Amino acid sequence: MDLLSQLRGQIADFSAFLHREGFVDDQFTQLQKLRDESSPGFVVEVVSLFFEDCEKLVNNMAKALEQQIVDFKQVDSHVHQLKGSSSSIGAARIHNVCIAFKTCCEDQNRNGCVRCLQQVNHECIQLKNNLQTLFNLEQQIIAAGGSIPAKQ
Amino acid sequence: MFSGDMATAGEILRRSLTDEVGVSKGSFSGSEELHVLAVDDSFVDRKVIERLLKISSCKVTVVESGSRALQYLGLDGEKSSVGFNDLKINLIMTDYSMPGMTGYELLKKIKESSVFREIPVVIMSSENILTRIDRCLEEGAEEYIIKPVKLSDVKRIKDVIMGGDGKQKKRRSVRKRGREDRIYSLSPSSLVQSSSSPAFDFLPSPFSTLSLSKRPKLQTRD
């Protein structure tokens, strides 16, 4: 099997894995459809923006949860923001943690919030690594003379 | 004729010009690009909506808040940041939950404006709250879409607007069409065409009671 076919096989398997395990959902596929010659780096750009946002929000939430008196409304608004942006890029696991996180905020459950925050952090790291792997595979395909397959 | 200061004069000039140019009064010539004003406080969402619109061959202006949108349209009483000839918006798409001014408040201001009230306004929101949806539709929103917004949503909206039906929607009692429970509108002309994409389950129930289990996500599509 030539290199290109091998790489295509790898990326197909890897994408299937990401979907199956719920790391990404259909919205991510939607984003991939928005790439074209004029904007080949679109997905990478949006995803990078997302992770920047994510890190900032996680830090803010951590600070808020460390306070003597926790401002749960504040935390909730950060969670809301993260919930929205994770949904927009198809980061399904993160989005789902945010749903539970919101409940903890509403219940003013500090321990629950801390656990959710840890989970968010964990999922962000995992997703970042996974997407990096995906993007690397795409780069290899391009380097091997192929074009990024857009999922139909 | 131009009594008073330059800002006032500018506003008079701008208003008469926009009337002349014909800021979207429900009809669309079809030979021009649709110019969409998108409003969202999230920069991830701004990036996505901008791309969705550009790839659908729309001219896009994206702003981060309701007040910026009003500024752009020249509805804030200040001098518009845009040149006179450019102020032709065919569609406004706005997020609902924004700090400062919500999408609903922005919608109201637009519908109160004699110059801009004919411009269709689409509300986007991650929340499926029926009272909120009712309120927006009653206030004159063209559609209320549950985020995340998809390419098929943009294509559909574009078709509706470029269809140029121009007919006034009667303010009937609110009739909701829930297409996959994420798109709501009043008028039959906004009817969602049957889409080939399967139902989008954006709140997968296995995860609604979050646990840290490694249960695989149940796929409702593919």
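Since this is a predicted model, take the numbers as computed values, not measurements. Atoms considered below: every heavy atom in the structure, side chains included; atoms not considered: hydrogens, waters and symmetry mates. Throughout, protein chains are lettered first and strands after them, A, B, ... in sequence-line order, and every chain is numbered starting at 1.
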In terms of heavy-atom contacts, does NZ of B:Lys108 have more than 12 from other residues, nucleotides or ligands at under 6.0 Å? no
Can you confirm whether more than 12 heavy atoms, excluding those of B:Lys158, are under 6.0 Å from its NZ atom? yes
With a 4.5 angstrom heavy-atom cut-off, could you sort out which part of A:Ile89 is near chain B: side chain, backbone, both or neither? side chain
Using heavy atoms and a sub-4.5 Å threshold, report which of residues 39-61 of chain A line up against chain B, by residue number. A:Ser39, A:Phe42, A:Glu45, A:Val46, A:Leu49, A:Phe50, A:Asp53, A:Lys56
Residues 64-73 of chain A: residues contacting chain B (heavy atom under 4.5 Å, by number): none
Euclidean distance, B:Asp41 CG relative to A:Gln81 CD, rounded to 0.5 Å: 6.5 Å
Under 4.5 Å from a heavy atom of chain B, the part of A:Thr103 involved: neither
Can you tell me which portion of A:His80 sits under 4.5 Å from chain B's heavy atoms? Options are side chain, backbone, both or neither. side chain
When rounded to the nearest 0.5 angstrom, what distance separates NZ in A:Lys33 from CG in B:Leu52? 11.0 Å
Hey, is CZ on B:Arg68 packed in by over 12 heavy atoms from elsewhere, all under 6.0 Å? no
Separation between OG (B:Ser42) and NZ (A:Lys83), nearest 0.5 Å, reads 13.0 Å
Any chance you could measure B:Lys147, atom NZ, to A:Gln27, atom CD, to the nearest 0.5 Å? 10.5 Å
Okay, B:Leu151 and chain A: the region with an atom under 4.5 Å from a heavy atom over there is both
Measure the spacing between CG of A:Asp36 and CZ of B:Arg51 and express it to the nearest 0.5 Å. 4.5 Å
Could you pull out the closest heavy-atom pair between A:Ser88 and B:Val44, with the gap in Å? CB-CG1, 4.3 Å
